[in-house]
Asks: 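Right, I'll just put the structure down here and ask away after.
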Amino acid sequence: GRALLAYGALASLLGLAAGSRWLAASGALALALLLADAASLAALARGRVRFRPLRPSVQLPRGSEAEAVLVPEGRLWGDVAVPGASAEEIGGAVVVRARLARAGARAISSVLLRRRSPLRLAEAEAEAPVRPPLELVAYPVAPAALAPLLYAGAGRLLAFPGSPLPPLVG
């Protein structure tokens, strides 16, 4: 894109200065091509889109892969990306997959839309909000070796959600 812009401007100026109509015309043609290509992108990127999660929160054990669906409110006009996760468009919705390596929570509050122009000379990028933000929660999992330490006097095994041992009721 920049090389074509530089060529168009330089060829037009040199063509006009040297009196070469052919050089000036080729420079003007390059500039017109670049402007038409960029204008097609600008028309696409003008439409605002925001996302709404189907479920506001996904809660899984640490080490799991979370999958959530974001529904667009507006027209999707480009490729989607979510920082720290993989995202793909499937049937008009965006499916986000993220590995929950550590216990804790993280929020996804925006989706990046990116599209290249038909001639690949320009690129448009916009950030679309996710309202309400999608919460990905990974809770800790108690190892089986710690189960005797978690035994309570009332006859219950206090285990974290997702523990491989079921609670004992006495």
Side-chain angles (χ1 to χ4, degrees), residues 1-17 20-141 162:
R2 289 182 183 158
L4 187 63
L5 178 64
Y7 168 77
L10 187 61
S12 296
L13 289 175
L14 287 175
L16 290 174
S20 171
R21 290 182 182 170
W22 182 86
L23 191 57
S26 71
L29 180 63
L31 288 174
L33 187 65
L34 184 63
L35 285 174
D37 196 43
S40 68
L41 257 188
L44 280 174
R46 237 181 263 132
R48 290 281 174 217
V49 64
R50 35 182 280 183
F51 291 90
R52 166 182 62 78
L54 276 185
R55 290 178 29 205
S57 178
V58 175
Q59 299 180 4
L60 293 170
R62 175 181 55 86
S64 301
E65 183 173 80
E67 184 174 287
V69 177
L70 301 174
V71 179
E73 295 173 350
R75 188 171 146 245
L76 280 179
W77 54 266
D79 297 329
V80 293
V82 174
S86 67
E88 64 179 317
E89 181 189 353
I90 298 177
V94 175
V95 177
V96 176
R97 290 182 185 89
R99 184 134 181 93
L100 306 175
R102 294 183 174 166
R106 69 181 262 215
I108 295 177
S109 60
S110 65
V111 173
L112 186 67
L113 297 171
R114 184 178 298 138
R115 177 139 188 196
R116 296 196 71 165
S117 64
L119 297 176
R120 305 258 184 227
L121 298 174
E123 185 174 288
E125 197 173 275
E127 207 170 305
V130 176
R131 299 290 180 258
L134 172 63
E135 291 268 332
L136 300 179
V137 180
Y139 50 80
V141 178

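What you see below is based on every heavy atom in this structure, not just the backbone, and it leaves out hydrogens, waters and symmetry mates. Positions are given from 1 along the sequence.
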Asks: Measuring only between side-chain heavy atoms, which start at C-beta, is V82 closer than 4.5 Å to L112?
Replies: no

Asks: List for me each residue that meets side-chain hydrogen bond (donor to acceptor under 3.5 Å, both in side chains) alongside S110, sequence neighbours excluded, and say none if there are none.
Replies: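 Applying side-chain hydrogen bond (donor to acceptor under 3.5 Å, both in side chains) to S110 gives E127.
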
Asks: Looking at every heavy atom in both L134 and V130, which two are closest together, and how far apart are they?
Replies: N-CG1, 4.0 Å

Asks: How would you list all residue pairs meeting side-chain hydrogen bond (donor to acceptor under 3.5 Å, both in side chains) that involve residues 94-106, not counting sequence neighbours?
Replies: E67-R97, E88-R97

Asks: What's the verdict on side-chain contact (heavy atoms from CB on, under 4.5 Å) for V96 and L70, showing C-alpha distance, side-chain angles and the deciding distance?
Replies: CA-CA 8 Å; V96 176; L70 301 174; 3.7 Å; yes

Asks: So, do E89 and P72 sit near enough that their side-chain heavy atoms are less than 4.5 Å apart?
Replies: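 A side-chain contact under 4.5 Å is absent here.
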
Asks: With sequence neighbours left out, write down each residue that passes side chain to side chain contact (heavy atoms under 4.5 Å, CB included) with A25, or none if nothing qualifies.
Replies: none

Asks: Taking all atoms of both residues into account, what is the closest heavy-atom pair of P129 and V49, and its distance?
Replies: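 Between these two residues, the closest heavy atoms are CD-O, 3.8 Å.
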
Asks: Only distances under 3.5 Å count here; give the side-chain donor-acceptor pairs of residues 51-58 to other protein atoms, sequence neighbours excluded, each with its distance to 0.1 Å.
Replies:
| from | atom 1 | to | atom 2 | distance (Å) |
| --- | --- | --- | --- | --- |
| R52 | NE | E73 | OE2 | 3.3 |

Asks: Among residues at least two apart in sequence or on other chains, which ones pass side chain to side chain contact (heavy atoms under 4.5 Å, CB included) with A103?
Replies: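 So A103 forms a side chain to side chain contact (heavy atoms under 4.5 Å, CB included) with R62, P140.
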
Asks: Using side chain to side chain contact (heavy atoms under 4.5 Å, CB included) as the criterion, list what pairs up with A107, not counting sequence neighbours.
Replies: P133, E135

